[in-house]
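Please read the structure below before turning to the comments.
Chain naming here is simple, since letters A, B, ... match the order of the sequence lines and numbering starts at 1 in each.
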Number of protein chains: 2
Amino acid sequence: MGQTVSDRKVISFENIKIACKSCSLVTLCLPMGLDPEDMERLDRIIKRSRPLHRGDHLFREGDSFQCLYIVKTGSVKTYAPSEDGGEQVLGFHLPGELIGLDAIENAIHNCSAKILETSAICEIPFSHLEELSTSMPSLQHQMYRLLSREISQDESMLTLLGKNNAEERLAAFLLSLSARFKRRGFSPFDFYLSMSRHEIGSYLGLAVETVSRLFTRFQEDGLLEVERKHIQLLDLERLESVSKRTLGNKDRVQST
Amino acid sequence: MGQTVSDRKVISFENIKIACKSCSLVTLCLPMGLDPEDMERLDRIIKRSRPLHRGDHLFREGDSFQCLYIVKTGSVKTYAPSEDGGEQVLGFHLPGELIGLDAIENAIHNCSAKILETSAICEIPFSHLEELSTSMPSLQHQMYRLLSREISQDESMLTLLGKNNAEERLAAFLLSLSARFKRRGFSPFDFYLSMSRHEIGSYLGLAVETVSRLFTRFQEDGLLEVERKHIQLLDLERLESVSKRTLGNKDRVQST
DNA sequence: CTTTTCGGTTGATCTGGATCAAGTAGAATT
DNA sequence: AATTCTACTTGATCCAGATCAACCGAAAAG
């Protein structure tokens with residue numbers, strides 16, 4: 001109990017706490033680009049929880065904002081619950097991705113975050129982070145970049161929902177996952193979907209049935225192979241072309 | 001030429017340059033909450049251009065990112081152009097609102113910003129701002145808040161596009177404008193739309209014709225009075241209820 | 001003043017994807 | 001091993017909103 005987070009001489013199986021500097025995500029995570037000394041200072045304020053399980057909440061809409069969260073392993077969804085029990089999925093978060101940035105403004109979470117599969121999560125008390133960043137220009141810069149990136153991503157999502165039809169949306173979604181897995185050293189062609197069809201539909205503004213039908217069609221067209229949660233992308237290039245035919249692009253995939 | 005921006009003893013009609021401390025937007029703009037001394041320091045890095053006109057670009061997608069922009073008077077739209085000449089409108093920006101936050105990450109603008117009506121714009125070199133914020137915790141805090149707010153706004157837009165039908169979207173849009181005008185000391189009931197029906201449609205993921213028909217219907221239902229760009233909201237409460245009936249809400253407006 | 005242009009409106013029709021309905025198969029529970 | 005339960009799939013139908021088409025009227029251009 002008196003032991004601080006950074007004392008990790010004892011490694012227990014249940015409580016793996018890897019410092020940033022030895023974490024494989026260091027090149028795409030918050031500490032990216034910090035010099036060793038700064039990284040050490042940041043490291044000291046990060047808490048590493050024991051693994052969380054499917055269905056656990058990191059936080060709920062309305063909770064007071066204390067920490068930012070980073071996925072170390074596993075995956076997390078964020079969503080805006082609506083009164084009638086429904087939800088709008090706002091994002092799926094893979095290792096190295098920051099969660100909770102939308103809560104800084106009024107210190108209240110305005111979405112909920114739920115674990116999709118057993119995950120390790122790093123927890124960063126925001127007040128400490130902010131304080132630290134006043135004396136660490138490189139950390140401040142990194143925060144600006146990450147916040148800005150989140151805005152860019154949301155904007156491209158707005159474009160996707162505003163202009164693209166169902167098949168374009170699903171293709172773009174799969175390609176985005178593929179690219180993100182690739183950056184993390186996983187196969188970009190062969191992966192497991194930790195989210196349900198329903199959640200994919202919500203994220204893309206589509207009904208479950210539409211998502212299901214599209215998977216079937218993509219498979220018939222030879223674009224991919226899907227069985228339950230396991231998906232293999234067979235033709236990234238064609239998937240790419242499916243994701244961005246808005247008008248006039250007549251090289252349709254024939255399903256005969 | 002040797003005269004600095006803060007020397008404004010000579011006031012010319014064409015070149016009105018009001019310091020932040022005497023600007024009416026100070027309570028909702030970037031310098032919000034800064035103490036007088038900090039505000040003065042921020043003030044010195046802000047450039048105030050002569051008025052820009054409808055159709056002028058603040059920046060275009062692909063431009064290198066140098067400055068953030070703040071609307072002082074008038075209005076601006078941001079949009080993502082697509083190859084085929086189309087565009088996705090990403091936002092409409094009113095006085096006090098910051099433009100360009102999505103460009104920080106890779107120092108390239110990934111959307112374009114176009115003036116909707118004659119507007120005065122403040123220009124803030126980001127490198128200076130960032131530098132200043134390292135020595136001004138309150139400014140850094142304000143930047144975090146504004147970036148976070150942008151994310152929240154984009155997320156509620158995602159929800160709007162993902163879950164709400166055409167009439168809910170338009171009602172929500174009008175209410176958002178109304179609230180923002182109100183905060184700025186303008187009438188929340190009676191204002192001019194500086195954007196075209198087409199731009200509203202693009203922003204809301206709807207066809208122009210749908211927007212036009214909805215205006216007509218809302219008018220028939222007594223919710224508002226609209227003539228060309230001039231709009232009067234007659235019943236904010238009912239508009240509110242229109243904006244959030246997703247399912248089951250049966251108190252439909254009868255158009256008889 | 002006349003003509004053109006362009007933004008907006010209105011009507012008619014069409015369709016992508018929602019909704020409704022039924023069935024299937026894995027995984028969890030007994 | 002039997003029984004839920006839940007996620008997913010597939011088919012049939014429907015409808016909100018897109019698209020197509022025609023027209024109108026304000027404002028800009030000649």
Counting only side-chain nitrogens and oxygens, does [X] get under 4.0 Å of the OP1 or OP2 atom of [N]?
X	N	answer
Ser212(A)	dA7(D)	no
Lys229(A)	dC8(D)	yes
Thr210(A)	dG17(C)	no

Can you check the [X] [atom1] to [N] [atom2] distance for me, whole Å?
X	N	atom1	atom2	value
Leu170(B)	dG8(C)	CG	P	13 Å
Glu209(B)	dT15(C)	CD	C1'	15 Å
Asn165(A)	dA18(D)	CG	C1'	12 Å
Gln219(B)	dG8(C)	CD	P	15 Å
Lys163(B)	dA16(D)	NZ	P	18 Å

Would you find more than 12 non-hydrogen atoms of other residues, nucleotides or ligands less than 6.0 Å from Lys182(A) atom NZ?
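No.
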Give me the atom names and distance for the closest heavy-atom approach of Ala166(B) to Leu206(B).
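In this case the closest contact between Ala166(B) and Leu206(B) is CB-CD2, 3.8 Å.
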Distance alone, cut at 3.5 Å: any donor-acceptor contact between the side chains of Ser112(A) and His57(A)?
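Looking only at side-chain atoms, His57(A) and Ser112(A) do not form any donor-acceptor pair under 3.5 Å.
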Would Ser75(B) and His93(B) count as having a side-chain donor-acceptor pair, cut-off 3.5 Å?
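No, no side-chain donor-acceptor pair sits under 3.5 Å.
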Using a cut-off of strictly less than 4.0 Å between a heavy atom of the residue and any atom of DNA chain D, enumerate the qualifying residues of residues 194-207 of chain B by number.
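Those residues are Gly205(B), Leu206(B), Ala207(B).
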Select from Arg169(A) and Arg228(A) the residue whose nearest nucleotide in DNA chain C is closer to the 5' end of that strand.
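Final value for this comparison: Arg169(A).
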Can you find a donor-acceptor pair, distance only, under 3.5 Å between Glu227(A) side chain and dC8(D) base?
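By the distance-only test, no, there is no pair.
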Got a donor-acceptor pair under 3.5 Å from the side chain of Arg213(B) to the base of dG11(C)?
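Indeed, a donor on one side and an acceptor on the other fall under 3.5 Å apart.
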Determine whether the aromatic ring centres of residues Tyr79(B) and Tyr203(B) are separated by less than 6.0 angstrom.
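No, ring centres 6.0 Å or more apart.
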Using the benzene-type ring in the case of Trp, are the ring centres of Phe181(B) and Phe189(B) under 6.0 Å apart?
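Ring-ring flag for Phe181(B)/Phe189(B): false, centres at least 6.0 Å apart.
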